[in-house]
Q: 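I have a structure I would like to understand better, so I am pasting it below and will then ask my questions one at a time.
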Amino acid sequence: MSPERTPSILVVNGPNLNLLGTREPAVYGSATLDDVIRLATETARAHGCTVTAMQSNHEGVIIDAIHAARPGTDAIVINAGALTHTSIAIRDALAAVALPVVEVHISNVHRREEFRHVSYISGVADAVIVGAGIDGYRLAVDHLASRLTAGTPPQGASPGK
Ligand code: DQA
């Protein structure tokens, strides 16, 4: 990242997260995806960073967006929704672009069905935030933006990253 460029964070939301606000409110709360993006954008702005947000219900579209992140994007926040538990292809895309990644889940997936306990994303993420509601996005952006502006790697970054 050149010193004069504003650090940029890509926020990726996967299947069904476009329905936030009306979808299973007892599990996911009443905030909408627009609320999530506003929260992420304001959090980034407080650090002098920008946010680009995308949501898709299609695995390939998400993979294309991750590929397109380089150059111009410095870190990724991803809630891949149910694709978290199935998609080796999204994991491989994240590994390929080798940007700092924070994985977010609104609900505490570990308190839910067993199939939600497995994440293909976690192994390529620097940090994982689950069960904090949409505040997880704020925590993720705060973590990445503060490190991007300080020029230090994310807390959980592996030595090879
Ligand atoms: C989710 C958890 C996933 O298991 C689920 O399929 C989602 C949302 C979450 O944010 O809690 O779509 O990623």
Side-chain angles (χ1 to χ4, degrees), residues 8-45 49-69 73-147 154-158 161:
S8 176
I9 298 170
L10 174 66
V11 176
V12 176
N13 279 287
N16 301 308
L17 291 161
N18 53 313
L19 299 181
L20 278 180
T22 56
R23 174 193 182 198
E24 298 182 79
V27 178
Y28 298 112
S30 56
T32 65
L33 186 58
D34 281 348
D35 294 331
V36 166
I37 294 164
R38 201 173 307 116
L39 177 62
T41 302
E42 282 166 9
T43 305
R45 191 181 299 136
C49 299
T50 59
V51 157
T52 304
M54 71 83 61
Q55 185 277 332
S56 179
N57 296 320
H58 305 279
E59 186 174 15
V61 174
I62 292 170
I63 292 166
D64 287 344
I66 293 167
H67 291 178
T73 295
D74 302 291
I76 296 175
V77 173
I78 183 163
N79 181 350
L83 290 172
T84 303
H85 318 300
T86 61
S87 180
I88 298 169
I90 291 179
R91 176 198 176 106
D92 284 351
L94 292 167
V97 298
L99 291 168
V101 172
V102 176
E103 175 186 1
V104 171
H105 297 287
I106 295 166
S107 65
N108 181 355
V109 284
H110 300 292
R111 280 174 99 172
R112 302 181 64 195
E113 303 95 326
E114 212 162 304
F115 62 82
R116 296 185 206 274
H117 299 181
V118 173
S119 167
Y120 284 106
I121 312 285
S122 297
V124 293
D126 300 287
V128 181
I129 300 167
V130 303
I134 71 160
D135 199 43
Y137 292 87
R138 183 187 63 76
L139 294 166
V141 170
D142 195 52
H143 177 75
L144 289 168
S146 61
R147 276 158 183 83
Q155 202 68 52
S158 61
K161 219 168 171 187

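Side chains included, hydrogens not; waters and symmetry mates left out as well; all remaining heavy atoms used. Numbering of ligands and ligand atoms starts at 1, following listing order.
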Q: Can you pull every nitrogen or oxygen pair between ligand 1 and the protein closer than 3.5 angstrom?
A:
unit_1, atom_1, unit_2, atom_2, d
ligand 1, 4 (O), H85, NE2, 2.7
ligand 1, 4 (O), R116, NH1, 2.9
ligand 1, 6 (O), A82, N, 3.1
ligand 1, 6 (O), R116, NH1, 3.1
ligand 1, 10 (O), N79, ND2, 2.8
ligand 1, 10 (O), I106, N, 2.8
ligand 1, 11 (O), I106, N, 3.2
ligand 1, 11 (O), S107, N, 2.8
ligand 1, 11 (O), S107, OG, 2.6
ligand 1, 12 (O), R23, NH1, 3.1
ligand 1, 12 (O), R23, NH2, 3.0
ligand 1, 13 (O), N79, OD1, 2.8
ligand 1, 13 (O), H105, ND1, 2.8

Q: Distance only, no hydrogens: is a donor on one side chain within 3.5 Å (strictly under) of an acceptor on the other, for N57 and E59?
A: no

Q: Are S107 and R112 side-chain neighbours, meaning at least one heavy-atom pair lies under 4.5 Å?
A: yes

Q: Would E103 and S119 satisfy side-chain hydrogen bond (donor to acceptor under 3.5 Å, both in side chains), going step by step from the backbone distance to the final call?
A: CA-CA 10 Å; E103 175 186 1; S119 167; 2.8 Å; yes

Q: Could you tell me how the ring of H85 sits relative to the ring of H105: parallel (under 30°), tilted (30 to 60°) or perpendicular (over 60°)?
A: parallel

Q: Counting N and O atoms only, with roles assigned by atom type, does the side chain of D74 sit under 3.5 Å from a partner on the main chain of I9, one being a donor and the other an acceptor?
A: no

Q: Judged by modelled atom types alone, do N13 and Y137 share a side-chain donor-acceptor pair under 3.5 Å?
A: yes

